[in-house]
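Computed over heavy atoms, backbone and side chain alike; hydrogens, waters and symmetry mates excluded.
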Amino acid sequence: MAYKKMTAEEAASLINNDDLIGFSGFTAAGCPKVITVALGKRAEEEHAKGNPFKVGIYTGASTGDSIDGVLSRAHAIKFRTPYQSNKDMRTELNSHGAHYFDLHLSELPQYLRYGFLPRPKFAILEACDITDDGKIYLTSAVGIAPTVARLADQIFVELNKYHPKELAGMHDIYEPADPPVRREIPVYAASDRIGVPYIQVDPKKIVGVVDTNLPNEVGGFTPSDEVTNKIGENVANFLSSEIKAGRIPTSFLPVQSGVGNIANAVLGAMGANKDIPPFEIYTEVIQDAVIGLMKEGNVKFASGCSLTLSTPALEEVYNNLDFFKERILLRPQEISNNPEIARRLGLISINTALEADIFGNINSTHVVGTKMMNGIGGSGDFCRNSYLSIFTTPSTAKGGNISAIVPMVSHLDHSEHSVKILVTEHGVADLRGLSPVQRAETIIDKCVAPEYKDLLRKYLNLGQKGHTPQNMSAALSFHDAFNKTGDMRNVDWTEIDSQAK
């Protein structure tokens with residue numbers, strides 16, 4: 001090999017305070033795993049000496065604990081974007097230990113190219129193979145790797161033997177030109193290949209290669225339960241009815257699905273529904289459910305940005321690469337999440353809401369309006385541009401103390417104009433073509449938990465006259481009651497009632 005082999009510690013020693021780093025990977029799949037651990041130790045050592053040591057980090061989405069967890073616990077992050085899901089990172093962001101700005105995932109690569117954000121000095125990429133002429137073959141995800149590899153001054157490669165070299169060919173690397181010379185992105189079906197299977201860089205930029213042999217840090221997903229299974233069943237039955245009504249083609253449409261146990265339950269229910277034909281996936285995260293459906297013949301092809309799989313599911317893929325390489329394609333997130341392609345392909349978009357309000361607005365990010373949970377991720381990329389935008393959520397949380405459906409969302413990520421369908425375990429609210437009052441009545445009737453229906457109907461009746469009958473004095477009363485008593489049902493509208501009378 002033409003490149004210098006080095007240890008993780010040697011690589012970390014070349015990174016200094018205030019440097020900016022871009023990483024490969026998307027979720028905990030395909031992320032570097034050792035240089036950042038050494039960097040965290042170096043930060044702790046510098047802090048112990050009284051020296052500042054923080055770096056700015058650009059990622060595809062969330063990462064493994066070896067990046068977000070280690071660097072958060074070392075207080076080594078100056079700023080972070082975009083999506084994250086690590087507990088320690090969340091603590092650091094909400095305590096203002098690090099700056100964080102949320103961003104639609106499809107936008108970050110072009111933000112960097114446009115100069116909206118400072119370019120990274122370093123790129124750290126995980127690869128399954130590398131050639132002397134600068135071809136880098138990624139592992140189980142792509143993320144922003146092509147863009148940061150091109151923009152960075154120096155590149156470190158973690159050559160991870162856990163991922164077989166035979167992965168080469170599963171990736172489709174394509175970076176669009178910038179305006180004013182950008183052309184259409186020529187993806188007309190989920191299976192279309194438009195790029196090359198590797199990232200091409202100037203070999204002189206690769207300053208070091210670190211050998212590793214480590215699995216991804218993808219944790220197991222929470223198993224499906226009665227609630228998530230019912231949500232999945234409701235979504236599948238709704239889509240089946242749309243086919244019968246002629247609003248979805250009988251050949252069906254490509255599906256985009258979010259991350260987590262609800263998404264897995266929804267995909268499983270769709271695969272089990274005999275009225276839904278075998279379908280294609282065009283999404284960001286390929287999860288365990290997709291692999292099972294593919295083996296059963298219910299998913300014909302899956303285009304995504306990452307293989308975010310449990311260890312057994314990933315090993316299943318690696319042990320049967322001849323089968324799966326014909327059915328899976330991994331793209332940069334700028335392509336997997338691209339609004340142009342979502343609109344062209346007519347995606348059925350299914351994402352999870354943290355909370356919704358009775359008028360159809362969605363909060364995907366903030367707990368009680370202030371504390372960042374994970375981030376907006378790709379939900380905005382898809383929902384605004386999809387053929388059919390569906391949001392799912394359990395109707396309650398914390399044993400019923402929290403209603404996921406409230407008078408007004410405490411933080412707005414997706415407005416009523418982008419949300420077509422809302423689904424809970426209780427039913428499906430079809431919001432297409434409805435006025436605000438009609439949407440509220442439909443959501444309360446179809447989706448709200450029984451113990452909250454009367455409260456939300458009363459709130460609607462307290463609404464001030466206008467097209468959208470909100471009551472500004474009571475709009476956040478559910479959240480206020482939870483903050484004060486730990487239970488949203490303990491709302492006190494005595495003063496508002498007296499004013500109304």
R344 and E340: salt bridge (Lys or Arg N to Asp or Glu O under 4.0 Å), yes or no, with the steps? CA-CA 6 Å; R344 178 186 299 132; E340 172 195 344; 2.5 Å; yes

Return yes if a side-chain donor-acceptor contact under 3.5 Å exists between [X] and [Y], otherwise no.
X: S410; Y: H366; answer: no
X: D288; Y: S310; answer: yes
X: N160; Y: E126; answer: yes
X: R42; Y: S13; answer: no
X: E355; Y: T393; answer: no
X: R80; Y: T59; answer: yes
X: N86; Y: D65; answer: yes
X: S66; Y: E217; answer: yes
X: N338; Y: S336; answer: no
X: D88; Y: T91; answer: no
X: D381; Y: Q333; answer: no
X: S62; Y: N374; answer: no

Check for a donor-acceptor pair, side chain of [X] on one end and backbone N or O of [Y] on the other, with a separation under 3.5 Å.
X: N264; Y: A289; answer: yes
X: N94; Y: M372; answer: yes
X: H47; Y: A74; answer: yes
X: Y137; Y: H171; answer: no
X: T283; Y: G304; answer: no

Distance from R90 atom CZ to D68 atom CG, nearest 0.5 Å?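 One gets 10.5 Å once the value is rounded to the nearest 0.5 Å.
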
Distance from L267 atom CG to F279 atom CZ, nearest 0.5 Å?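 Here the interatomic distance stands at 5.5 Å.
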
Name of the residue among I421, V423, L239, T424 meeting side chain to side chain contact (heavy atoms under 4.5 Å, CB included) with N234: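 Running side chain to side chain contact (heavy atoms under 4.5 Å, CB included) over I421, V423, L239, T424 with N234 returns exactly one hit, V423.
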
Quick check: are there more than 12 heavy atoms from other residues, nucleotides or ligands sitting under 6.0 Å from [atom1] of [X]?
X: K205; atom1: NZ; value: yes
X: K325; atom1: NZ; value: yes
X: R384; atom1: CZ; value: no

Could you check if a side-chain atom of [X] sits within less than 4.5 angstrom of a side-chain atom of [Y], using non-hydrogen atoms only?
X: S106; Y: P339; result: yes
X: P120; Y: F122; result: no
X: I262; Y: I350; result: no
X: Y58; Y: L117; result: yes
X: S306; Y: V285; result: yes

Begin from the C-alpha positions of E46 and N17 and carry the test side chain to side chain contact (heavy atoms under 4.5 Å, CB included) through to its verdict. CA-CA 10 Å; E46 292 298 320; N17 180 52; over 6 Å; no

What heavy-atom pair brings [X] and [Y] nearest, and what distance separates the two atoms?
X: L138; Y: S24; result: CD2-CB, 4.5 Å
X: K300; Y: R327; result: O-CG, 3.9 Å
X: A263; Y: G258; result: CB-O, 3.1 Å
X: N363; Y: D413; result: OD1-OD2, 3.4 Å

Decide yes or no on salt bridge (Lys or Arg N to Asp or Glu O under 4.0 Å) for R439 and E416, but give the supporting numbers first. CA-CA 9 Å; R439 286 198 296 270; E416 61 194 75; 2.4 Å; yes

Any salt bridge linking K54 with D18? Criterion: basic side-chain nitrogen under 4.0 Å from a carboxylate oxygen.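 D18 and K54: not salt-bridged.
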
Would you please test F26 and L105 for side chain to side chain contact (heavy atoms under 4.5 Å, CB included) and show each step? CA-CA 10 Å; F26 192 95; L105 297 185; 3.5 Å; yes

Less than 6.0 angstrom separating the ring centers of Y100 and F79, yes or no?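 They do not qualify: ring centres at least 6.0 Å apart.
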
Might you work through the side chain to side chain contact (heavy atoms under 4.5 Å, CB included) test for I328 and F301, ending with a clear yes or no? CA-CA 6 Å; I328 293 175; F301 194 91; over 6 Å; no

Quick one: do L167 and Y318 satisfy side chain to side chain contact (heavy atoms under 4.5 Å, CB included)? Show the steps, please. CA-CA 8 Å; L167 268 178; Y318 286 177; 3.4 Å; yes

Would you check, one step at a time, whether the test salt bridge (Lys or Arg N to Asp or Glu O under 4.0 Å) holds for R150 with E175? CA-CA 10 Å; R150 188 163 59 79; E175 198 176 5; 3.1 Å; yes

Apply salt bridge (Lys or Arg N to Asp or Glu O under 4.0 Å) to residues R73 and E92 and explain how you reach the verdict. CA-CA 8 Å; R73 293 188 291 272; E92 192 78 350; over 6 Å; no

